[in-house]
Amino acid sequence: MEARQNMRMYPRSNILAAGRAFFFLLMLGMVKEPNVHSEPANITVDLSKPKAISPDLIGIFFEDINYAADGGLYAELVQNRSFEYQATERLEWGPMTAWELSTRDGGRGSLSVETAVSVHPNNPHYLVIDVQQPGAGVGLVNSGFDGIPVQSGAQYDFSLFGRQLFIGNRWGNNGKLDQPTKLLVRLETKDRGVLGETTVEVSGRNWQRVAGAITATNSDSSARLAVLSLTRGGVAVDEISLLPKATFKNRANGLRPDLAQAIADLKPKFMRFPGGCLVHGHGLDNLYRWKDTIGPIEQRRGQGNLWGYHQSVGLGYFEFFQFCEDIGAKPLPVVPAGVCCQNADHQGGTGQRGLPLSEMPAYLQDVLDLIEWANGPATSTWGAKRAAAGHPEPFHLKYLGVGNEEHITPVFGERFKMIHDVLKAKHPEITVIGTVGPFHSGEDYDAGWKIADELKIAMVDEHYYEKPEWFLNNLQRYDRYDRARSRVYVGEYAAHESNRANTLRCALAEAAYLTSLERNADVVQLASYAPLLAKQNRTQWRPDMIYFSNTNLVRSANYYVQQLFGQNSGDQWFPANTAATATNLATSCVRDSASGDLILKVVNGGAGPQALAIALSGAKTVSSSATKTVLTAADVMAVNDFNNPGAVSTQAAPIAAGEKFDYEAPPYSLTVIRLRGR
Ligand code: AHR
């Protein structure tokens, strides 16, 4: 969200590096390419000199931006299920957003939003249906997040909290409390065609949760959910929920399976969440507080997010940690550093503000409680809450981010130090990740690194969204990093064109950059592309890795780069000599010790095929059994979109490898050659 600057901190001093970058720019079609015929190039890897690298390098960063959570990864189909949308989140919003009154055949009645006796103080609003004449039903209809996608034959779990009310003299059965309120719950088309239905009953004056299931008899990509009272009198309803029975790994309150699977297929080694700028929020009252996001959903406290819409936190900390476990990724939560966003335009543009120092002890305790909640025994105060949610075993939290892209001010520094000190003293086993501002260089970057040096922070989080040229010009960035300083997490990065997102050209620039991160994965421990998800017609930020609609998804070219690096990561890196003629190439060779597989990645930035003579020397044996996976497209400016989701794609095939073998890298391509270890 910040206006990004393109400040270059590293003047190019290395002529070789400059030459390489120039040729890469040539290759990726960024400057006019002379008619050069590519000479065959040698790649000679020395397998006798392994360097230990981070096994966690390739991960993901999930932020609720672009409707990534509600209406996205979180499978809930009802929008504004607890009537908590507010005009402070968006001017045209209120408790009735996405809902409308519906009366059927002779029905008469009204709706009102009330707060007198709520289900939980964190969810003050609820809806009262006052039925004067039931007819064929009086109630409300929800339009979902741009419609509710319904699939014929699929089951949907419905639930709500309800209680009966006395309204005037219209108590259900002549004023007596002996008749429950019958609710017809129906999935229907826009024109009220029935797609499936059930009935539930609410009885008594206290809130109770009632549930039912609907099996859809037809498909509709833009259905509605109707909840219609068939009983005269009043009924209050809240937390009206509809979730597909089939969620990812069939988790309760779970995730949309196709999106979750696409993320799992990246094989990320870690997942950072829940943001991004979302974490520090647009004011001190908008900090992301993890404790508000756990426990029964009716007790969670949703709020407007910094990206201008409501987050129900139905996808909360428990679901994030569970998802990490389900996909084999280490959790990397980020907590606010006790300050809000420097760009907070909230309440008159006050910018960055810090929590009052008097509130810091309680805040520090919140951070410590998170570690107990994640890692403590089920008998501990916070571990017991995790266990109550269904996870008695610890979540094995190892990484914890503190702050995101902060303006490095004394206010920030003071609070960051407090959090860092307490974590270091009480949880030396946790790797604390600090922040060095929003850009790859500049004032905040320098000030952030100064704090990192002073406090000896284990790791710092660097971010950069830049043109592909920048990535190619900076392939040596981490070769120059001082190994005695903090380790690095490249927490957010993406290459972007000025007028076209997610081109193959950008993806290949990222691939070339990733080879440099692998080479430097002794210092760069973690890296994650950003943002991860973007909903069609709700996209606020480009480029993104995965685009989705209610029923479909598109994997970008950048997704495939991440997937190839994620699925083919290693824990040892080997030096290689790539001949001087090979200026259009970026390569990296790693071994995955678990499988023993050797993995060679080759980015050909050239417009022509590149012949390669590959030598893997210095090992006792090298397998000849190998697979090559190639990512490319007909055009370097190709983009995957909903009309053409396969413009840029991967193809796998066996290849005869061994100590010495030849390979021709296609124009504008990333190839991963994986040689079987055992
Ligand atoms: O990834 C989108 C945003 O970019 C993140 O929220 C923030 O950290 C950065 O400015």
Side-chain angles (χ1 to χ4, degrees), residues 1-7 59-69 72-73 263 268 270-283 286-288 303-309 311 315 320 332-337 339-346 351-352 399-408 412 416 433-445 448 459-467 470-471 488-496 501-502 506 510 526-535 538-548 556 558-559 562:
M1 69 170 259
E2 290 84 5
R4 298 204 165 265
Q5 305 161 28
N6 189 359
M7 293 180 278
I60 51 171
F61 164 45
F62 178 93
E63 175 165 30
D64 187 4
I65 180 174
N66 306 317
Y67 276 72
L73 183 60
I263 294 170
F270 67 90
M271 179 168 100
R272 171 178 177 234
F273 57 88
C277 293
L278 177 109
V279 168
H280 55 199
H282 56 55
N286 191 239
L287 301 182
Y288 192 101
Q303 62 173 352
N305 76 14
L306 174 135
W307 298 109
Y309 58 95
Q311 47 185 338
L315 171 48
F320 280 126
L332 194 172
V334 183
V335 293
V339 296
C340 66
C341 184
Q342 56 268 23
N343 298 315
D345 53 3
H346 194 52
Q352 184 188 73
Y399 298 120
L400 181 62
V402 179
N404 173 72
E405 291 195 354
E406 261 78 31
H407 185 26
I408 311 293
F412 162 82
F416 179 88
I433 304 174
T435 175
V436 292
F439 308 112
H440 49 69
S441 52
E443 248 174 60
D444 290 324
Y445 173 88
M459 212 184 286
V460 295
D461 181 9
E462 298 192 349
H463 294 178
Y464 27 88
Y465 297 89
E466 286 292 349
K467 299 210 175 312
W470 183 91
F471 286 87
V488 175
Y489 168 30
V490 182
E492 295 179 28
Y493 67 96
H496 61 85
N502 300 102
C506 284
E510 289 154 9
L526 312 168
S528 47
Y529 180 95
L532 178 63
L533 295 176
K535 188 165 191 177
R538 302 279 166 194
T539 301
Q540 308 163 293
W541 180 291
R542 281 176 197 276
D544 305 282
M545 205 202 295
I546 301 171
Y547 295 87
F548 65 94
S556 65
N558 318 71
Y559 171 94
Q562 294 297 320

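Whatever order the structure lists them in is the order used to number ligands and atoms, beginning at 1.
- Remark: distances from the non-hydrogen atoms of P531 to ligand 1 include one below 4.0 Å.
- When the heavy-atom distances from atom 8 (O) of ligand 1 to Q540, E492, E63, H463 are ranked, the shortest goes to E492.
- For ligand 1, the polar-atom distance check against Y465 finds a nitrogen or oxygen pair separated by under 3.5 Å.
- Against a heavy-atom cut-off of under 4.0 Å, E405 is close to the following atoms of ligand 1: 7 (C), 8 (O), 9 (C), 10 (O).
- Here N404 has side-chain heavy atoms under 4.0 Å from ligand 1, and that is the only part of it that gets that close.
- Remark: ligand 1 atoms within the under-4.0 Å shell around heavy atoms of C277 are 5 (C), 6 (O), 7 (C), 8 (O), 10 (O).
- Side-chain contact between V279 and P274 is present, with heavy atoms from C-beta onward closer than 4.5 Å.
- A salt bridge between E63 and R272 is absent, with no side-chain N of the basic residue lying under 4.0 Å from a carboxylate O of the acidic one.
- At a heavy-atom distance under 4.0 Å, only side-chain atoms of W307, from C-beta outward, approach ligand 1.
- The aromatic rings of Y465 and W541 sit perpendicular to each other, their planes meeting at more than 60°, with 30° as the lower class boundary.
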Discussion item. Show, in sequence, the C-alpha distance, side-chain angles and deciding distance for M545 and L533, and conclude whether the side chain to side chain contact (heavy atoms under 4.5 Å, CB included) test is met.
Written reply: CA-CA 6 Å; M545 205 202 295; L533 295 176; over 6 Å; no
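- Residues Y288 and N305 have side chains that never bring a donor and an acceptor to within less than 3.5 angstrom of each other.
- Exactly one residue among F320, Y529, F273 makes a ring pair (Phe, Tyr, Trp, His ring centres under 6.0 Å) with F62. That residue is F320.
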